[in-house]
Amino acid sequence: MLQVPFIRENKALVIERLAKRNIDATQLIDDVVTFDEDRKRLQTELDNTLAESNTLSKEIGNLYKSGEAQKAHLLKEKTSQLKEASKQLSEALSNKVEALNELLYKIPNVPNKLVPRGNSEADNEEIFNEGDVPKLHDGALPHWELAKKYDIIDFELGTKITGAGFPVYKGKGARLQRALIAYFLNKNTAAGYTEYQLPLMVNEASAFGTGQLPDKEGQMYHVTEDNLYLIPTAEVPGTNIFRDVVLGETELPVSITGYTPCFRREAGSYGAHVRGLNRLHQFDKVEIIRVEHPTKSYEALDGMVEHVKDIIKELKLPYRILRLCGGDTSFASALTYDFEVFSTAQDRWLEISSVSNFETFQANRLKLRFKNSDGKNELAHTLNGSALALPRVLAGILENYQTKDGIVIPEVLQPYTGFKIIN
RNA sequence: GGAGAAAUGGCAGAGUGGUCGAAUGCGGCAGUCUUGAAAACUGUUGAGGGUCACACCUCCGGGGGUUCGAAUCCCUCUUUCUCCGCCA
């Protein structure tokens, strides 16, 4: 969530930038400012009442000690009035704070100045494009048919065991998954990220911390018996490591990576373009997360983009990088780059990574701070990205590397798979 | 799952219903001394709201209650530890 002082001091900028998301926030921003003024007024009133009551209580104590019980009784009457007043004030105050927070929860992050204005993916800006699109042989197949042909992914079996969107990887398919995970983790740790194994379920506070709650509750699987949520991404447990944490300035930057399965209900998204691996309820992802000094976060974002680029290049997949427009940038992000692999057999781009700088938006809700050089606590910047999401990388490999003789394994993966071709 | 004990500042650890945002030690920071460092000594050192700055208010695991007044008493939840049971 945004910080109220920032909104107050940069009203025009906030409104102008939010317009990139096609949001007219004028009313919302005005409301935030007036609600906050109300909040301050109530707080001051309450504080004064409490101060008076504190003073009287001390006096009463003194009167009892000096044996003037009657005078004390008189003062007690006064304090009970004050108590009633403070009760009402604090109720009004907490209502106001809640109302203010509800407004703040509705306001997405302020896009960076680089973000193009726009509504949908059509307005995203392609900033980089690399890799040759292979010429496939006649009769090239989409990955779901390749998966069947070579018996490496069984979608029907997953449907039997669990339901649609829970594929079963078999034989060389399973081994290829494991290879990709190991390869990604090795690349990330080599780049300085510390590997973590994280819980796959999180509590309510964590889901709140990264903003899955209260808005996106329907997107997560909820274990109601214990009130836990299955993680939709490692970002949730990974970023919540830093909830209510004050880091030393020298501890920055923090870079972590982790492999986790991800669970998403994807309610309402069915259809032809979500076939096969394109959209799943359970999938694997290796995530990178950084906590940065505010002055360094955009440098770090560029570094993450280069890092992901390097991985895709090594896999020799044709890809492009998009700078997302305002309308397509996620709620918490200030600037997002998407990576897409071109699938020749499907003749379409598949999103395989999304790298974002959240600036202080997440940190504010998480209360993730660092002690700056003045000794003051200051909100840190958080960033994350996929490096990478497995299913569509797998789809890209299967479809782009298919030959008449089978699916060739990209060279960098061969040490991990132990085989060179799936046939 | 059962029985018991506990939760206090960065850490360790005191704390009688009022004078407690909280002793003390360690650590951190600044200074004295020193060519420099160490040691020693002196000072300083939680967070949030609020203010031009003060004042003032809130916070002793979370929530609720008793009381004029709660770190301290009561209820409840959570977590940790010890013992028992179960278990990869």
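Predicted model, so just to flag it, every value in this text is computed and none were measured. Naming: A, B, ... by sequence-line order, numbering from 1 per chain.
Counting only residues at least two apart or on different chains, the side chain to side chain donor-acceptor pair (under 3.5 Å) pairs with a member in residues 97-114 of chain A are A/Asn112-A/Tyr298. Under the ring pair (Phe, Tyr, Trp, His ring centres under 6.0 Å) criterion, the residue pairs touching residues 187-207 of chain A are A/Tyr193-A/His307, with sequence neighbours excluded. Counting only residues at least two apart or in different chains, side chain to side chain donor-acceptor pair (under 3.5 Å) contacts with residues 150-169 of chain A comprise A/Asp151-A/Lys170, A/Asp154-A/Lys170. Residue pairs meeting the ring pair (Phe, Tyr, Trp, His ring centres under 6.0 Å) criterion with at least one member in residues 40-76 of chain A: none, sequence neighbours excluded.
Pair assignment for B/rC29: B/rG43, on the basis of Watson-Crick or G-U wobble contacts that are both within less than 3.5 Å. Pairing partner, B/rG69: none, since no Watson-Crick or wobble contact has both distances short of 3.5 Å. Using Watson-Crick or G-U wobble geometry with both donor-acceptor distances under 3.5 Å, B/rC52 finds no partner in any strand shown. Across all strands shown, B/rA3 is found opposite B/rU82 as a Watson-Crick or G-U wobble partner, with both distances under 3.5 Å. Judged by Watson-Crick or G-U wobble contacts below 3.5 Å, the nucleotide B/rA12 has B/rU24 as its partner.
The separation of B/rC59 from B/rA71, taken at their P atoms, amounts to 7 Å, rounded to a whole angstrom. Taking atom C1' in both B/rG10 and B/rU19, one finds a spacing of 29 Å when rounded to whole Å. Separation of the P atoms belonging to B/rA70 and B/rG64 is 14 Å when rounded to the nearest angstrom. If you take atom P in B/rG63 and the same atom in B/rU58, they sit 15 Å apart, rounded to whole Å. Across B/rC86 and B/rU80, the matching P atoms stand 22 Å from one another, rounded to whole Å. The gap from the P atom of B/rG65 to that of B/rG50 amounts to 26 Å, rounded to the nearest Å. Rounded to whole Å, the separation between the C1' atoms of B/rC75 and B/rU66 comes to 10 Å. Comparing the C1' positions of B/rG48 and B/rG43 gives a spacing of 27 Å, expressed to the nearest Å.
Here A/Lys83 pairs with nothing under the side chain to side chain contact (heavy atoms under 4.5 Å, CB included) rule; sequence neighbours left out. Legend: residues meeting side chain to side chain contact (heavy atoms under 4.5 Å, CB included) with A/Asn119, ordered by chain and number and at least two apart, are A/Asn22, A/Asp123. A search for side chain to side chain contact (heavy atoms under 4.5 Å, CB included) contacts involving A/Pro108 returns A/Leu18, A/Arg21, A/Ile23, A/Phe331, not counting sequence neighbours. Applying the side chain to side chain contact (heavy atoms under 4.5 Å, CB included) criterion to A/Leu89, with sequence neighbours excluded, gives A/Leu42, A/Glu45, A/Leu46, A/Thr49. Considering only residues two or more places apart in sequence or on other chains, A/Glu292 meets the salt bridge (charged side-chain N to carboxylate O under 4.0 Å, His left out) condition with A/Arg290.
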Quiz item: How does protein contact run along nucleotides 47-53 of chain B, one letter per nucleotide 5' to 3', with B for base contact, S for sugar-phosphate only, - for none, heavy atoms under 4.0 Å?
Solution: SSBSS--
Quiz item: Once each nucleotide of nucleotides 60-80 of chain B is scored for protein heavy atoms under 4.0 Å, what B/S/- sequence comes out, 5' to 3'?
Solution: -------BBS-----------
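Residues from residues 195-207 of chain A with heavy atoms under 4.0 angstrom of RNA chain B: there are none.
With A/Ile127 as reference, A/Ile321 is the one residue of A/Ile321, A/Val305, A/Leu114 to meet the side-chain contact (heavy atoms from CB on, under 4.5 Å) rule.
Atom CG of A/Asn54 and atom P of B/rC20 are 14 Å apart (whole Å). The interatomic distance linking A/Glu59 (CD) with B/rU19 (P) rounds to 14 Å, in whole Å.
Using a 4.0 Å cut-off between a side-chain N of Lys or Arg and a carboxylate O of Asp or Glu, A/Glu306 and A/Lys309 qualify as a salt bridge. Under the 4.0 Å criterion applied to side-chain N and carboxylate O atoms, A/Lys313 and A/Asp310 are not assigned as salt-bridge partners.
Contact annotation: A/Asn62 does not reach the phosphate of B/rU19 (side-chain N/O to OP1 or OP2, under 4.0 Å).
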